[in-house]
Structures are given as C-alpha cells and as structure tokens.
**Student:** 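Shown below is the structure under consideration.
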Amino acid sequence: MYPEYFVAPMREELTRVGFEELKDAASVNDAIKGEGTVFVMVNSVCGCAAANARPAARMAAANAKHPDRLVTVFAGMEKEAVDAARNLMLPYPPSSPSMALFKDGKLVHIIERHQIEGRPAQMIADNLIDAFEQYC
C-alpha cells in the first residue's frame with residue numbers, strides 16, 4: 001500500500017476526465033456485470049502507467065464513441081476492488097497497469113502491461129478507440 005497523498009495525483013488524472021473510482025468488490029461487480037459497456041483501467045504507480053496507460057485512457061475516453069461507464073481501480077491500494085476486477089478479466093493474468101472493456105458483463109477487449117510498456121500513448125489510445133468503435 002502507498003500513502004494516499006502519493007497516489008492522489010495519479011487518481012485525479014483519471015477522475016478529472018470522468019472515471020469513477022471503485023474501491024470495493026461490490027462496486028466492481030455492480031459496475032462490470034450490468035448491462036452496457038464498461039471500460040476498466042487498473043491504475044498503477046509505475047512509470048508505464050504515468051507515461052503510457054493513463055494518457056492513453058484519457059485520450060480514448062475523449063473519443064466521441066466511448067463506453068457507458070469509465071471506471072478505475074488502483075493496484076496497491078484497494079486490494080479487494082483490484083482482485084474483483086482481475087477475477088473478471090480471467091483467463092488473463094494479473095497485470096498493472098491494464099485496461100479492459102466489458103459489454104453486458106462479458107470481457108470483449110483487454111490490454112495487458114506487456115502491451116503498454118514501450119508503446120506510445122497514442123498507439124494504445126488508438127487500440128482502445130478501435131475497440132470502442134466496435135463494441136460501444
């Protein structure tokens with residue numbers, strides 16, 4: 001776990017553009033298992049989250065066609081919420097950061113850490129936008 005003052009700016013980077021923070025398993029399950037489309041960002045303190053994942057998530061969220069809900073859980077902080085989100089992303093292994101798109105409770109697209117590291121934010125955003133265009 002990290003001190004809250006340390007992660008607050010990283011949380012705010014997503015919440016200021018409309019992401020809702022989910023902090024327990026019940027809120028994760030309620031958000032993801034419902035009808036419609038949900039984009040989940042597993043946030044992290046690592047450098048690839050700062051340089052690539054969060055900027056890509058913000059760019060994709062600004063696309064005209066985007067999911068009904070934008071939500072985030074924070075690895076290393078709200079363990080119960082992160083575990084619940086990762087459980088719904090199976091069979092993919094735990095990954096931080098990572099991003100997933102759900103439609104009507106089913107996982108339809110995922111970007112794992114190894115697909116984030118070393119890739120420009122715009123490339124990741126373009127991948128997300130393509131998924132949004134297809135599923136949303």
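One-based numbering along the sequence shown. What you are looking at is a predicted structure, and each value in this text was computed from that prediction instead of being measured.
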**Student:** Which residue pairs pass the ring-ring contact (aromatic ring centres under 6.0 Å, His included) test with at least one member in residues 41-67, sequence neighbours excluded?
**Tutor:**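 The answer is none; no pair qualifies.
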
**Student:** Suppose we screen for side chain to side chain donor-acceptor pair (under 3.5 Å). Which residues come up paired with Glu133, at least two apart in sequence or across chains?
**Tutor:**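 Result, side chain to side chain donor-acceptor pair (under 3.5 Å) vs Glu133: Asn63.
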
**Student:** Hydrophobic clustering (ILVMFWY, side-chain heavy atoms < 4.5 Å, transitive) - are Phe74 and Tyr5 grouped together?
**Tutor:**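 Shared cluster, yes.
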
**Student:** Would you list the pairs meeting salt bridge (charged side-chain N to carboxylate O under 4.0 Å, His left out) in which at least one residue belongs to residues 32-45, sequence neighbours left out?
**Tutor:**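 Sorted result for residues 32-45: empty, none.
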
**Student:** Among pairs that include at least one residue of residues 87-103, which meet side-chain hydrogen bond (donor to acceptor under 3.5 Å, both in side chains), considering only residues two or more places apart or in two chains?
**Tutor:**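 For residues 87-103: Arg86-Ser96.
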
**Student:** Would you say Met89 ends up clustered with Leu22 if hydrophobic residues are merged whenever their side chains have heavy atoms under 4.5 Å apart, either directly or through other cluster members?
**Tutor:**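 Yes, same cluster.
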
**Student:** Between Cys136 and Thr37, which heavy-atom pair has the shortest distance, and what is it?
**Tutor:**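 Looks like SG-OG1, 3.8 Å.
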
**Student:** With Asp83, which residues qualify under side chain to side chain donor-acceptor pair (under 3.5 Å), at least two apart?
**Tutor:**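 With neighbours one apart ignored, the set is Lys79.
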
**Student:** How far apart are the closest heavy atoms of Ala85 and Val28, and which atoms are they?
**Tutor:**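 Taking Ala85 first and Val28 second, the nearest heavy atoms are N-CG1, 3.6 Å.
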
**Student:** Restricting to pairs with a member in residues 22-31, which pass salt bridge (charged side-chain N to carboxylate O under 4.0 Å, His left out), not counting sequence neighbours?
**Tutor:**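 Listed once each, the pairs would be none.
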
**Student:** Restricting to side chain to side chain contact (heavy atoms under 4.5 Å, CB included), what partner residues turn up for Phe6, sequence neighbours left out?
**Tutor:**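 If we apply the side chain to side chain contact (heavy atoms under 4.5 Å, CB included) test to Phe6, skipping adjacent residues, the hits are Tyr2, Pro3, Met10, Val45.
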
**Student:** Can you pull the side-chain hydrogen bond (donor to acceptor under 3.5 Å, both in side chains) pairs that have at least one residue in residues 112-124, sequence neighbours excluded?
**Tutor:**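 Of all non-adjacent pairs touching residues 112-124, those that pass side-chain hydrogen bond (donor to acceptor under 3.5 Å, both in side chains) are Glu112-His114, Arg113-Glu117, Gln122-Asp126.
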
**Student:** Hey, quick one: are Leu101 and Leu128 part of the same hydrophobic cluster, counting side-chain heavy atoms closer than 4.5 Å, chains of contacts allowed?
**Tutor:**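 Same cluster: Leu101 reaches Leu128 through Ile, Leu, Val, Met, Phe, Trp or Tyr contacts under 4.5 Å.
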
**Student:** We want to know whether Asn127 and His109 form a side-chain donor-acceptor pair, criterion being a heavy-atom distance below 3.5 angstrom.
**Tutor:**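 A donor-acceptor contact under 3.5 Å links the two side chains.
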
**Student:** Going only through I, L, V, M, F, W and Y residues with side-chain contacts under 4.5 Å, is there a path from Val71 to Tyr135?
**Tutor:**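 Different hydrophobic clusters.
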
**Student:** What heavy-atom pair brings Ala56 and Ala121 nearest, and what distance separates the two atoms?
**Tutor:**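 Heavy atoms only, the tightest pair is CB-O, 3.4 Å.
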
**Student:** Go through the structure and list residues passing ring pair (Phe, Tyr, Trp, His ring centres under 6.0 Å) with Phe132, not counting sequence neighbours.
**Tutor:**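 Testing Phe132 for ring pair (Phe, Tyr, Trp, His ring centres under 6.0 Å), a comparison that skips the adjacent residues, returns Phe39.
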
**Student:** Taking side chain to side chain donor-acceptor pair (under 3.5 Å) as the test, write out the residues that go with Asn29, two or more places apart.
**Tutor:**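 If we apply the side chain to side chain donor-acceptor pair (under 3.5 Å) test to Asn29, skipping adjacent residues, there are no hits.
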
**Student:** List, one per line, each side-chain donor-acceptor pair under 3.5 Å for residues 13-20, sequence neighbours excluded.
**Tutor:**
| residue | atom | partner | partner atom | Å |
| --- | --- | --- | --- | --- |
| Glu13 | OE1 | Arg54 | NE | 2.9 |
| Glu13 | OE2 | Arg58 | NH1 | 2.4 |
| Thr15 | OG1 | Arg11 | O | 3.4 |
| Glu20 | OE1 | Arg69 | NH2 | 2.6 |
| Glu20 | OE2 | Arg69 | NH2 | 3.2 |

**Student:** Following the transitive rule for hydrophobic clusters with a side-chain heavy-atom cut-off under 4.5 Å over Ile, Leu, Val, Met, Phe, Trp and Tyr, establish whether Met123 and Met41 coincide in one cluster.
**Tutor:**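 Different clusters.
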
**Student:** Please name the residue in the list Val42, Thr72, Asn43, Ile116 that meets the side chain to side chain contact (heavy atoms under 4.5 Å, CB included) test with Met99.
**Tutor:**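 Considering Val42, Thr72, Asn43, Ile116, a side chain to side chain contact (heavy atoms under 4.5 Å, CB included) with Met99 is found only for Ile116.
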
